[in-house]
Visitor: 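The following block contains the structure, expressed as structure tokens.
Quick note on labels: first sequence line is chain A, next is B, and so on, each numbered from 1.
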There are 2 protein chains.
Amino acid sequence: MTTDRTPPMTDTDRTHDEEPLTLAGLQIDVLAGAFSWYIRSLDFVVSRDLDQRMGHLDVAKGKGKITALLLVDRYPGVRPSQIAEVLMRDRPTTGRIIDALVKAGDIRREADADDQRAHALFITERGHEVAEQVRNVIQLQEDEFFDFIEPEDREVFMRMLKRAYLNMRKKLE
Amino acid sequence: MTTDRTPPMTDTDRTHDEEPLTLAGLQIDVLAGAFSWYIRSLDFVVSRDLDQRMGHLDVAKGKGKITALLLVDRYPGVRPSQIAEVLMRDRPTTGRIIDALVKAGDIRREADADDQRAHALFITERGHEVAEQVRNVIQLQEDEFFDFIEPEDREVFMRMLKRAYLNMRKKLE
DNA sequence: CTACTTAGTTGTGAATTACAACTTTCTGGT
DNA sequence: ACCAGAAAGTTGTAATTCACAACTAAGTAG
């Protein structure tokens, strides 16, 4: 269907990891035969780790808050509805995420100049500092948590994740 | 008003991996530079798709129920605490997942013969049928949702996911 | 035999999210 | 210019999920 290619893997990747997957004395390959199980489990582990690392920041414990904050930091004047689309959440949910960020003093709402219905979101000074810290934390997790992936494979893995994500979003449309 | 309102990309624009990742007119590579963002987003999409596919089954809408059901089906007499360890959830949470399965008539509790404190879980006839359907649904999702990954890359992708999962669990111990 | 640990349950509260309904504003067709 | 419908955002509400604390019952170690 798609025409993009992925570089072949190196030999070292194929050598490891042939041991059966065992947890609590149970071989769980029954479950683990599926992409979905790994992705869902990985999400759980990654999210929990990220929550711990963000513990001192007010964007902790939210899948949406981090994304929203970084988007506002990057795109001054961005609208809630745009954030909702990226987050794949409805507007009420997105609105409450924004509420939390506003309440924390990280961003502020203004009326959009072009469209009086819409809001334009802007980062505050404090929010910008938080965003900076968030990026550091993410980078730190990246370095410490994914260090077992060889640098050259890291790119391959990332590309696969990106392709998976794009294709899945496309299928949902 | 610094946001550029570029029209959405067409499907053909998305066929190359090197395309910048654009959503709602925003280039989101700021967020997407990290494994964690992809994994978390993928989880969201995969889980929602799975919920839809499982809609007719009583294990729908739960990350834990599917795993628990398949474990009991595979390992008659398994204990709740073992399931909790696989799920990485605490015992109260796991207990309530089991409650739901018992209430639905998919599994039943017995006292463990060796340890009177523990329970031994067994699949019911109905539960076994549900498990069969669950496996079919998962396989179907696998086929329909991950069809964009070439067969040889599929193995590689799976291996990477598995390795990531194992390493992350290890780091959490 | 006492103290500690383990398995499981119940109570409770916090957080997340979706759906419905509403107001305000914009847009298109006539 | 007007009216119908769409779009942006908010509020209400309800369901779901999950963790922490406290509890009972049963096993274990000294």
Visitor: How would you label the contact of B:Asp90 with the nucleic acid (heavy atoms, under 4.0 Å): base, sugar-phosphate, or nothing?
Guide: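 Counting heavy atoms under 4.0 Å across all strands, the contact made by B:Asp90 includes a base.
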
Visitor: Quickly work out the B:Asp112 CG to C:dA7 C1' distance and round it to whole Å.
Guide: 10 Å

Visitor: Hydrophobic cluster membership, with links at side-chain heavy-atom distances under 4.5 Å among I/L/V/M/F/W/Y: are A:Leu121 and A:Val102 in one?
Guide: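 Cluster IDs for A:Leu121 and A:Val102 match.
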
Visitor: Could you pick out which residue, B:Phe44 or B:Ala118, lies toward the 5' side of DNA chain C when each is mapped onto its nearest nucleotide?
Guide: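 Upstream on the strand: B:Ala118.
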
Visitor: Measure from the side chain of A:Thr93, starting at C-beta and using heavy atoms only, and say which of D:dA8, C:dT17, D:dA19 lies closest.
Guide: C:dT17

Visitor: Rounding to a whole Å, what distance do you find between B:Arg48:CZ and D:dT16:C1'?
Guide: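 For the pair B:Arg48 CZ and D:dT16 C1', the rounded distance is 17 Å.
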
Visitor: Please check if any side-chain donor atom of A:Ser47 sits under 3.5 Å from a side-chain acceptor atom of B:Arg40, or the reverse.
Guide: yes

Visitor: For the side chain of A:Arg96 and the base of D:dG12, is some donor closer than 3.5 Å to an acceptor across the two?
Guide: yes

Visitor: Using atom NE2 of B:His119 as one end and atom P of C:dT6 as the other, report the distance to the nearest whole Å.
Guide: 18 Å

Visitor: Rounded to whole Å, how long is the line connecting atom CD1 of B:Ile97 with atom P of D:dC18?
Guide: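 Value for this atom pair: 6 Å.
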
Visitor: Distance alone, cut at 3.5 Å: any donor-acceptor contact between the side chains of A:Asn136 and A:Glu132?
Guide: no

Visitor: Taking the six-membered ring of B:Phe44, is NZ or CZ of A:Arg89 closer than 6.0 Å to its centre and within 45° of its axis?
Guide: yes

Visitor: Does B:Arg117 put a side-chain nitrogen or oxygen below 4.0 Å from OP1 or OP2 of D:dA25?
Guide: no

Visitor: Find the distance B:Arg91:CZ to D:dC23:C1' and express it as a whole number of Å.
Guide: 13 Å

Visitor: Figure out the CD1/C1' separation between A:Ile107 and D:dG9, and round it to whole Å.
Guide: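 Going from A:Ile107 (CD1) to D:dG9 (C1'), I get 14 Å.
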
Visitor: Any base atoms under 4.0 Å from B:Arg109, or only sugar-phosphate, or nothing? Heavy atoms, all strands.
Guide: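 Here B:Arg109 touches the backbone only, sparing every base.
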
Visitor: Could you tell me how far apart A:Asp115 (CG) and D:dG9 (P) are, to the nearest whole angstrom?
Guide: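 That distance rounds to 8 Å.
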
Visitor: Rounding to an integer number of Å, can you tell me how far A:Met54 CE sits from C:dA15 C1'?
Guide: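 Checked: the CE to C1' distance equals 18 Å.
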
Visitor: Crowded around B:Glu110 CD? As in, over 12 foreign heavy atoms under 6.0 Å?
Guide: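 Check passes, neighbour count above 12.
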
Visitor: Do A:Arg109 and A:Asp99 meet the salt-bridge criterion of a basic N to acidic O distance under 4.0 Å?
Guide: yes

Visitor: Which parts of residues 66-82 of chain B get close to DNA chain C, meaning a heavy atom less than 4.0 angstrom away?
Guide: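 Going residue by residue through residues 66-82 of chain B, the ones with a heavy atom under 4.0 Å of DNA chain C turn out to be B:Arg79, B:Pro80, B:Ser81.
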
Visitor: Hey, can you tell me if A:Tyr165 and B:Tyr38 have their rings parallel, tilted or perpendicular (30° and 60° cut-offs)?
Guide: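 The rings of A:Tyr165 and B:Tyr38 stand perpendicular, inter-plane angle above 60°.
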
